[in-house]
Amino acid sequence: MKSEIARLRSRAGHDASAPALPGHVVESWQRCLERYNLMPDVMRPAEMLSYHELQTTLERHEAIVHLALPEIERLFQRLVDNEYLVSVASPQGVKLLFRCDHQFLGEMSAFGVLPGSIWSEEMRGTNGIGTCLKIGKPLSIIGDQHFNVNVHALTCTVAPVFGQGGAIESVVNVTSSRPVSDKTARLVRDIVERAARRIENKYFAHRNRRLRTLCLSHESDFIDIAAEARIAIDDSGRIVDVSSTAPLLLGQSREALVGAELGALMDFSQPLEEVRVARTELPERGGREIFATLLSEPAGGAARPAARHSPQAAAPPPATATTAPADTERLLLNQHLLEQLALAERMLEARAPILVQGETGVGKTTFARLLARRNGRGEGDVVVLNCAALTGADAALDRLSGLSNFTLVLDHVEETPLPTQARLLQLLSDDHVLNVRNIGLLSIAGCNLADPAQSGRLRADLYYRLKGTIIDLPPIRAMPNIEATIHAAIADEAMARGKPGLVLDDDARLILVNYHWPGNLRELRLAARQAAVLAENGRISINHLPEQIVNQIAHKNLSARSQSEASRIEAALRHNGGNVSETARYLGISRATLYRKIHIRKIRIPEG
Ligand SMILES: Nc1ncnc2c1ncn2[C@@H]1O[C@H](COP(=O)(O)OP(=O)(O)OP(=O)(O)O)[C@@H](O)[C@H]1O
């Protein structure tokens, strides 16, 4: 074997005295030389999909792309300081999702690492994505383990995401062009693998959303979605689908598991639908404990098929309800938002009600719709009610009581008229009924309902019925990295107008960073749109920004960075008529802190 490797090394133009190669690299090199007839020093022209082909491919893989998006963002945020590029590839090796620091992008594109680039082993030789697709295992391809000498600077760590029947559905990949220590490589591999398992488990829940699915774990708290295995069961209690981790957890092959009776495999002491968590021990696994929890059930009870096509579920939506439109918005998914989304998704899956609250324009409705759409109950099964416009006797509420299997979004819940509050409470009070009818409950409030100043808008019993998990979406001015949010909004609007790579002049940037954004994301989006439309010669200057924003800030000395906070505080004080308490609340800081900042920065408090 040693001489074989040396022979391969010299045939592949590599240093024959270098450390031993892992087996998967040797086998891949063999394929490159003997099967694909590749030459190590000849790079074929970068194989790329056209823009149109990439869009079509993205649409084809829409479900997994959608589910992978938050994971990719999370991975990127974790690894960004180490200059990693994060991507998700299709089963054909096409980089579909792509997240990379823009400073690093030029360097990566020189290696042909771009959105839409194809990284099959046949075309590119040994590489993370291509070799993972061949062998179906997580792996790293480090530096000169790549077959082609032109990409020896890269280190790629990858993990497959498995779908139906154990086929690879996508590959999660992180790439760096910096030397990586063994310890870092191991850590990164663990992070990537866990991300792949989380995507896989979400995808499992999505594709089996019409079936009863069980979540299995060695831990009874089910906190770590990456450590869970999942199985889907049909009406007769037979296993019809298993996640890639199920064979390992249950000590049986996929082939043995699919088609088996759940009851013959595991003996739970209580019926699963009656308990939150059931426990069993498997003799095959040395009596090791396994915990199971019911993840989803088709509507109408355990042993019945989903009610999606039943006359009830197919009834037209109530008159004042709107079915949530397809989520076509290009969202700015920052770390905080992604974490909130992941938390809310998990809680909604566990049938806990969610209350989304925040100021105008922070994205509450968008968040709720995105969440409802992702909530394993299927696209289209979302009913949005504008509570401010409902009367207690509204026919929409009557019709609601006949529907099953959907996510109910209650918008402007703090403005619900009192008679409607009573009726809503009546409809939503029975937890058991909501579970059996498979109804997810999501409310949106334009204020903090727990705030003493706001409490009393809702009856206490209804508030506690809807409260569940609270998601507070922050205003832009309270975001830790306002600048990144602004740049992302500009880049997005620029892209949508076919003007990628627009640059913000320094003055324009300082104005946007210093502004306090009372209209939040709505206002930012519109300002970014105006700037992108009016920009000339690839630059956005002060003249391209909305005049009223410029007027509020322009008289400041914008060249001083320290002005950032001072101007934001001054603008916030003006916005609140000089009232310090209101302004402190508005900025999310204490009154004492605000006074201290006013004193240090010598800020003038405007007359009320
Ligand atoms: N995550 C996001 N990324 C980018 N833009 C967003 C995001 N969320 C919302 N927006 C933009 O902000 C606008 C307002 O969002 P949305 O209607 O969800 O806010 P809201 O908090 O419900 O506002 P209101 O309380 O006034 O109804 C949207 O039309 C969208 O353009």
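We're numbering straight along the sequence, starting at 1. Just follow the structure's listing: the first ligand is 1, and inside any ligand the first atom is 1. This is a predicted model, so every value here is computed, not measured.
- Each of the following atoms of ligand 1 lies closer than 4.0 Å to a heavy atom of Glu359: 21 (O).
- For the side chain to side chain contact (heavy atoms under 4.5 Å, CB included) criterion with Val172, the lone passing option out of Val192, Ile191, Thr157, Ile129 is Val192.
- Other residues, nucleotides and ligands contribute more than 12 heavy atoms inside 6.0 Å of the CD atom of Gln55.
- Cation-pi contact between Arg99 and Phe76: present, with separation from the ring centre below 6.0 Å and deviation from the ring axis of at most 45°.
- Looking at Lys364 against ligand 1, both its backbone and its side chain come within 4.0 Å, counting heavy atoms.
- Taking 4.0 Å as the cut-off, Arg369 does not count as a neighbour of ligand 1 on heavy-atom distance.
- For atom 11 (C) of ligand 1, the nearest non-hydrogen atom from the set Gln357, Arg529, Arg525 belongs to Arg525.
- Checked by atom type, the side-chain pair Asp505/Ser541 shows no donor-acceptor distance below 3.5 Å.
- For ligand 1, the atoms closer than 4.0 angstrom to any heavy atom of Gly363 are 8 (N), 9 (C), 15 (O), 16 (P), 18 (O), 19 (O), 20 (P), 21 (O).
- Residues Glu483 and Arg509 are paired through a salt bridge, judged by an N-O separation under 4.0 Å between the basic side chain and the carboxylate.
- When Val362, Thr366, Asp411 are ranked by how near their heavy atoms come to atom 15 (O) of ligand 1, first place goes to Thr366.
- A salt bridge links Glu359 with Arg477; the closest basic N to acidic carboxylate O contact falls under 4.0 Å.
- Here the shortest heavy-atom distance to atom 10 (N) of ligand 1, taken over Thr365, Ile444, Leu521, Asp492, belongs to Leu521.
- For Asn208 (side chain) and Thr213 (main-chain N/O), no donor-acceptor pair under 3.5 Å exists by modelled atom type.
- Distances from ligand 1 to the non-hydrogen atoms of Gly361 include at least one value under 4.0 Å.
- For ligand 1, the polar-atom distance check finds an N/O of Arg522 within less than 3.5 Å of one of the ligand's N/O atoms.
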